[in-house]
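Just follow the structure's listing: the first ligand is 1, and inside any ligand the first atom is 1. Every value quoted in this text rests on a predicted model; they were computed, and no experiment measured them.
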Amino acid sequence: MYGTIATMAFVGVEARPVDVQVRITPGAQAFMIVGLPDKAVAESRERIRNALHAVGLGLPYKHVTINLAPADLPKEGSHFDLPIALALMVAMEAIAPDAIERYAAIGELALDGAIRPVPGALPAAIGANAIDKGLICPEACGPEAAWAGDDADILAAPHLLSLVNHFKGLQALSRPKPALTRNESGTVHPDLRDVRGQESAKRALEVAAAGGHNLLMVGPAGSGKSMLAQRLSSILPPLASEEMLEVSMVHSLAGELMGGKLCTERPFRAPHHSASMAALVGGGTRPRPGEASLAHLGVLFLDELPEFQPSVLDALRQPLETGELIIARANHRVAYPARLQLVAAMNPCRCGGGPGQTCKRGPRCAADYQARISGPLLDRIDLQIEVPAVSAADLVLPPPKEGSAEVRARVTAARERQRARFVEHSAASLRTNAQCSGTLLEKIAQPDDAGLALIRSAADTLKLSARGYHRTLRVARTLADLDAAETVGRIHVAEALSYRGETLRQERVQ
Ligand SMILES: Nc1ncnc2c1ncn2[C@@H]1O[C@H](COP(=O)(O)OP(=O)(O)O)[C@@H](O)[C@H]1O
Ligand SMILES: [Mg+2]
Ligand SMILES: [Zn+2]
């Protein structure tokens, strides 16, 4: 008595095929799962026993062995319940083997036989499609799995009984339809037009959007830093279609693809500073992408930056450098994509430093607060600006003529120039200037003579480090792209040098 079905194990965002093999042999009653299952998989025994009972099947008084192959691939999560139950039902001759051979299955079972939603239906459906199989999944995951393609055969069932009836031809399950995309369901972003004054901060936001640069804003409470950051999404270009799938896979694995809607917009994640390490970078008892991965191809906004745990900020250096987050598990490592744009905001000192407010605790207060941000993290932030308090005169100004739509058009054009240039230099994997470094950067951002003269003298007078030099080139390249200029000029170098965050640097030198 033997039954088998395919399922999937997740390795990062990739779904790898796994065979569930069930053999029932005479002998003392037992239920053994072998093949590197984690705790959640080992617990499936009780859920399966009860769910089968709910559809009128008792586990046989025999020896049941369940093998998850290949054995060396770690199996984590509760989505193995359904495939194990289906293979078991084949072994018990409750369903015909040919009914399920064209499918892989994922799903968690409730004690009453209901099939509960699990994360990862989108990558699982894509993985199943790659081995020419359809996917049996929980009903709630159907709209998400259906994005795998028109040719993907998806069976989305609410209950074990409805699957049995479907296979017996008693009640057909219809193919789920892909859910609408988020855009079609209408999200409205706050507009940059709402921000009065603050012209140079707005300019820096535009530069950050155009080149994908990380941005740090330092300024007194109430100056509009949070307000500015929340408007970044409104000026970023939309995701390309292959990027939508890339982002949606991560969100699917985190169980955050609400209603199965594909992500069409760049994510904007703003975790609170009290968020745990696991919530921010991923991991914990269940492997799950954290906020940094959920911000993949979008924005991670860290408001009140110095309030975050130093260990969390430290862990962020890896994705900022490599675009990937590696999480150590008990016996393996998982990599999630995390190509994010960091936007951070902070007050100059812990007391806030609001308008007309001088810190009573003196300069130590600011120095201590700012020292919480490590040098290596600051090194990875291309744009560091000061946002001054807004004056009442600014607030009574009429709304600016230019809003997010106009800025977004410039940003999109600047990004297209970058894409084209990277393709031309056989570096098509790069998308923005922020990702560019080393020799390629020196080649594509080589300033003209006047620009070179300026950067040389700045290197002397400002004591520009090698990193500082490259950061200046990167930003200057983006400024030239916003100007539609092929060559980086003196004016671009000069502006790039102004985004070096003097306050933080001085605190550090003293
Ligand atoms: N430049 C501005 N234009 C319009 N309103 C502003 C501006 N700056 C601040 N505000 C108002 O002040 C509030 C607080 O701003 P916020 O972005 O939270 O400041 P910060 O994050 O710098 O402490 C905003 O919700 C907004 O109503
Ligand atoms: Mg704020
Ligand atoms: Zn203070």
| request: Please report the C-alpha distance between I455 and L473 in whole Å, then the side-chain angles of each, then the deciding distance to 0.1 Å, and finally whether the side-chain contact (heavy atoms from CB on, under 4.5 Å) criterion is met. | output: CA-CA 9 Å; I455 205 164; L473 283 188; 4.0 Å; yes
Is any NZ, NE, NH1 or NH2 atom of the basic residue among [X] and [Y] found under 4.0 Å from an Asp or Glu carboxylate oxygen of the other?
X: E307; Y: R350; answer: yes
X: R421; Y: E486; answer: yes
X: E402; Y: K202; answer: no
X: D460; Y: R456; answer: no

Residue [X] vicinity, atoms of ligand 1 by number, heavy atom under 4.0 Å:
X: A221; result: 23 (O)
X: V390; result: 1 (N), 2 (C), 8 (N)
X: V195; result: 1 (N), 3 (N)
X: D194; result: 3 (N), 4 (C)

Students should be able to answer this: which protein heavy-atom is nearest to [atom], and at what distance?
atom: atom 20 (P) of ligand 1; value: G222 N, 3.5 Å
atom: atom 1 (N) of ligand 1; value: R196 O, 2.8 Å
atom: atom 21 (O) of ligand 1; value: S226 OG, 2.7 Å
atom: atom 19 (O) of ligand 1; value: G224 N, 3.1 Å

The answer for which part of Q198 has a heavy atom under 4.0 Å from ligand 1 is side chain
Q) Looking at ligand 1, does any of its N/O atoms fall within less than 3.5 Å of an N/O of D303? A)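 No - when backbone and side-chain N and O of D303 are compared with those of ligand 1, no distance drops under 3.5 Å.
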_Quick one, S429 with Q435, criterion side-chain contact (heavy atoms from CB on, under 4.5 Å). Give me CA distance, side-chain angles, the key distance, then yes/no._
CA-CA 10 Å; S429 64; Q435 287 172 262; over 6 Å; no
task = Specify whether the nearest protein heavy atom to atom 13 (C) of ligand 1 is under 4.0 angstrom away.
result =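 There is no protein heavy atom less than 4.0 Å from atom 13 (C) of ligand 1.
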Legend entry - atom 25 (O) of ligand 1 protein-contacted (non-hydrogen atom, under 4.0 angstrom): no
How far does OG1 of T478 sit from NE2 of H492, to the nearest 0.5 angstrom?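 Going from the OG1 atom of T478 to the NE2 atom of H492 covers 10.5 Å.
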Open item on the list: Taking a cutoff of less than 4.0 Å between a non-hydrogen atom of the residue and any ligand atom, is A345 in contact with ligand 1?
Closed with: no
Check: Y499 ring centroid to H213 ring centroid under 6.0 Å =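 Distance test on ring centres: not under 6.0 Å, no.
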Open item on the list: Closer than 2.8 Å to the Mg ion (ligand 2): does that hold for any N, O or S atom in M227?
Closed with: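 Checking M227: none of its N, O or S atoms is under 2.8 Å.
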#### Entry: Opening angle between SG in C365 and SG in C351, taken at the Zn ion (ligand 3), to 10 degrees
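Centred on the Zn ion (ligand 3), the SG/SG angle is 110° (to 10°).
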Which of these, E199, M227, K225, K202, has its nearest heavy atom closest to atom 7 (C) of ligand 1?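 Comparing heavy atoms across E199, M227, K225, K202, the nearest one to atom 7 (C) of ligand 1 lies in M227.
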Testing the 3.5 Å rule here: is there a donor-acceptor pair between the side chains of D303 and S226? yes
Residue R317 excluded, over 12 heavy atoms near CZ under 6.0 Å:
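Atom CZ in R317 is packed in, count exceeds 12.
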